[in-house]
Amino acid sequence: MMKLRLAVLLVFLTSLLSGCGYNQIQRNDEAVNAAWSEVLNQYQRRADLIPNLVAVVQGYAAHEKEVLTKVTEARASVAGLKATPELINDPAAFAKFQQAQAELGSALARLLVVAENYPQLKADANFRDLQAQVEGTENRIAVARKRYIEAVQTYNVGVRTFPNNLTAMLFGYKPKANFSVDNEKALAAPPVIRFDTAPQQK
């Protein structure tokens, strides 16, 4: 008789949790974690490629030490951050990680601009292969970030709307940090196209 009452109680509690959105929050939370893991996977792919790219460029552009050093330092800065699932629950740590990745991306872009100034380097098959892989990785990162943004949007809507917000509050689920841009106003401005002067290199 006792076992029967316990079973009835478990069924009742399960139905309550399902009805208040607990299970949906769990599914959305796991979707965010999976999307974040893919973002980290693509960032790691880029970090793994950078030493090879720097080594190839060094042979042709030895006097471009400043750019090469900044790329190496930016990669070391990213590697020094602990990229764990808990990162997406800490807005300050997430912002720091995002800034470090942006600096690495900027340094990498400058390195590719420098490399374009060396005809022998541009003709080297190893450089062309690495350049293609880096460009492909940047595209994968963009796709992974888009999927993470969508997963966070679904999760945040779930924990902020009634009655799921009550369940989220009860179990300590909070909205997660999402990607943003620092120069939103500059990106919103239309690009200026001029044909009377050569484009400026950054």
| message | A side-chain contact here means heavy atoms from C-beta on lying under 4.5 Å apart; do Trp36 and Val39 qualify? | response | yes
| Does the side chain of Lys70 reach to within under 4.5 Å of the side chain of Ser106, using non-hydrogen atoms? | no
| message | Is it true that Tyr60 and Asp124 share a donor-acceptor pair across their side chains at a distance under 3.5 Å? | response | yes
| Connected via hydrophobic side-chain network under 4.5 Å: Val114 and Ile50 | yes
| request: Compute whether any side-chain donor of one residue and acceptor of the other, for Arg145 and Tyr43, lie under 3.5 angstrom apart. | output: yes
| note | When rounded to the nearest 0.5 Å, the distance separating CG of Leu40 from CD1 of Ile88 is 9.0 Å
| query | Which atom names give the shortest non-hydrogen contact between Ala115 and Phe127, and what distance separates them? | reply | CB-CZ, 3.4 Å
| message | I'd like to check Thr137 versus Arg45 (side-chain heavy atoms, cut-off strictly below 4.5 Å). Are they in contact? | response | yes
Side-chain donor-acceptor distances from residues 149-157 under 3.5 Å, at least two apart:
from	atom 1	to	atom 2	distance (Å)
Glu150	OE2	Lys146	NZ	2.7
Thr154	OG1	Glu150	O	3.1
Tyr155	OH	Lys174	O	3.1
Asn156	OD1	Lys176	N	2.8
Asn156	ND2	Lys176	O	3.2

| request: Drop me the distance from Asn23's CG to Asn164's CG, to the nearest 0.5 angstrom. | output: 10.5 Å
| task | Check Arg75 against Ala47 and note the closest heavy-atom contact, atom names and distance. | result | NE-O, 2.6 Å
| said: Within a 6.0 Å radius of atom CZ on Arg147, are there more than 12 heavy atoms belonging to other residues, nucleotides or ligands? | reply: no
| Roughly how far apart are Leu49 CG and Gln44 CD, rounded to 0.5 Å? | 10.0 Å
| task | State whether a side-chain donor-acceptor pair under 3.5 Å links Arg128 with Gln131. | result | no
| request: Report yes if the side chains of Leu104 and Ser77 come closer than 4.5 Å at any heavy-atom pair, otherwise no. | output: no
| said: Rounded to the nearest 0.5 Å, what separates atom CG in Leu68 from atom CD in Glu73? | reply: 11.0 Å
| said: Once salt bridge (charged side-chain N to carboxylate O under 4.0 Å, His left out) is applied, what residue pairs with a partner in residues 46-59 remain, sequence neighbours excluded? | reply: Arg46-Glu138
| field | Phe179 ring center within less than 6.0 Å of Phe94 ring center | value | yes
| Spatial distance of atom CG (Asn139) from atom CD (Gln42) [nearest 0.5 Å] | 10.5 Å
| query | Is there a path from Tyr173 to Leu170 through hydrophobic residues (I, L, V, M, F, W, Y) whose side chains come within less than 4.5 Å of each other? | reply | yes
| query | Should Phe97 and Val32 be regarded as members of a common hydrophobic cluster, given that ILVMFWY residues are connected when their side-chain heavy atoms come within less than 4.5 Å of each other, either directly or indirectly? | reply | yes
| message | Is the shortest side-chain heavy-atom distance between Leu108 and Leu53 below 4.5 Å? | response | yes
| task | Kindly give the heavy-atom pair with the smallest separation between Val159 and Ala168, and that separation in Å. | result | CB-CB, 3.8 Å
| query | Taking the side chain as C-beta and beyond, is there a heavy-atom pair between Gln24 and Asn28 under 4.5 Å? | reply | yes
| said: In the structure I gave you, are the side-chain heavy atoms of Val57 and Leu111 within less than 4.5 Å of one another anywhere? | reply: yes
| Nearest-0.5 Å distance, CD of residue Glu64 to OG1 of residue Thr69 | 11.0 Å
